[in-house]
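Down below is the structure, laid out as structure tokens.
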Amino acid sequence: MAETIVTAAELVRQSARITALTGAGISAESGIPTFRDNNGLWRNFRAEDLATPQAFARDPKIVWEWYNWRRSLIAKAEPNPGHYALVTLEQAKPGFTLITQNVDGLHARAGSRDPLLLHGDIWTLRCTGCGDSKQDHTPDLKTLPPVCRCGAIRRPGVVWFGEGLPQDIWRRAEQAVRGADLLLVVGTSAQVYPAAGLIHLAQSSGAKVIEINAAETPVSGTVDFSLRGPSGRILPELIERDKGDSL
Ligand code: OAD
């Protein structure tokens, strides 16, 4: 592993255009449960049972209770060394782009400039009637589901299974990956599409891929380096190793 990380760090140093794709694992060390690890279940529901338009139509209150629970955990959380390492990388590499599936806002709080939010933002409340969108950082919403001034209920401003990704964000993400020399894939199970498709797009566009994950994933065997361990330890190590040289 020590040797592997040295070689992977050399690849980071040599790459001018780096894109990172992050998932729930990067925020795990901030105390936010992932979706598919053991601690990911909430009252025995899977994400796929709750994060859908059908689930919301059936029982908006329970879906909101789940998001309210996640909002209260996120509100208490702080970015961890993994988030900060990506800020360091962004500052060192002008061609850097950060793409995240996370809706927790921790990348921005760490100082990442313009993360591409593929799955939206948990602090945005969108009206299902008039479409009004507003930011609300109250960790524990008192009225569930929240109601808009127009009388209709609001939903979380996130992308659910079966819904399209925000087109402009997706276009920019594809563009960044197509133009990248190196894709860092951090803390994602690489199971949810279209986001996971960006890994295959990078490979078919000729980019190198370094995966950082606590466990093996379906792409581990196909990437150039698969670094196993917590991203809060591995990412700073990968990037710190370059500090002596110029990144
Ligand atoms: P998952 O919960 O599917 O996967 C989390 C990944 O993080 C797993 O592969 C873990 O092994 C890894 N992991 C856990 N702790 C880690 C750590 N400390 N360091 C590094 N890796 C760690 O989360 P995502 O891949 O982000 O979408 O899931 C994708 C989407 O599915 C989410 O954006 C969400 C979810 O349902 C929607 O809600 C639409």
Side-chain angles (χ1 to χ4, degrees), residues 1 5 8 20-42 45-56 63-64 66-71 73-74 77-86 98-107 115-124 126 155-166 169-170 173 183-200 210-223 225-238:
M1 176 67 144
I5 199 161
L21 170 67
T22 66
I26 196 168
S27 294
E29 287 151 88
S30 295
I32 303 169
T34 60
F35 298 98
R36 288 172 188 78
D37 295 306
N38 288 337
N39 62 356
L41 290 182
W42 175 80
F45 289 103
R46 298 172 312 136
E48 288 85 348
D49 299 328
L50 295 167
T52 70
Q54 293 78 7
F56 191 70
V63 172
W64 259 116
W66 181 53
Y67 281 102
N68 216 26
W69 172 68
R70 290 192 71 87
R71 283 166 65 105
L73 293 176
I74 294 165
E78 295 295 334
N80 69 59
H83 297 106
Y84 290 116
L86 292 180
L98 175 58
I99 306 167
T100 187
Q101 298 165 84
N102 298 347
V103 299
D104 57 31
L106 288 186
H107 282 303
L116 298 178
L117 307 181
L118 288 184
H119 292 166
D121 167 24
I122 201 167
W123 302 112
T124 300
R126 199 165 73 235
R155 57 165 284 174
V158 301
V159 177
W160 283 331
F161 290 100
E163 295 183 324
L165 269 47
I169 304 277
W170 178 251
L183 180 69
L184 300 178
V185 180
V186 187
T188 175
S189 59
Q191 287 180 31
V192 174
Y193 286 78
L198 292 171
I199 303 163
H200 310 298
I210 300 176
E211 175 185 63
I212 295 134
N213 199 302
E216 195 172 325
T217 75
V219 300
S220 299
T222 74
V223 298
F225 294 94
S226 186
L227 305 176
R228 193 77 65 245
S231 48
R233 175 172 61 76
I234 305 240
L235 268 178
E237 239 189 285
L238 193 64

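For ligands, and for the atoms within them, numbers begin at 1 and follow the listed sequence.
Contact check for His119 versus Val158: no side-chain heavy atoms found under the 4.5 Å cut-off.
A salt bridge is defined here as a Lys NZ or Arg NE, NH1 or NH2 lying under 4.0 Å from an Asp or Glu carboxylate O, and Glu163 with Arg155 meets this definition.
A donor-acceptor contact under 3.5 angstrom links the side chains of Arg228 and Ser226, judged on distance only. No side-chain donor-acceptor contact under 3.5 Å links His200 and Thr222.
Taking the six-membered ring where the residue is Trp, the centroids of Trp66 and Phe45 are separated by 6.0 Å or more.
Listed by chain and residue number, the protein contacts of ligand 1 are Gly23, Ala24, Gly25, Ala28, Glu29, Thr34, Phe35, Arg36, Asp37, Ala47, Gln101, His119, Val159, Phe161, Gly187, Thr188, Ser189, Val192, Asn213, Ala214, Ala215, Gly229, Pro230, Ser231 (heavy atom within 4.0 angstrom).
Remark: side-chain polar atoms of Asp37 are not paired, donor with acceptor, to backbone N or O of Thr34 under 3.5 angstrom.
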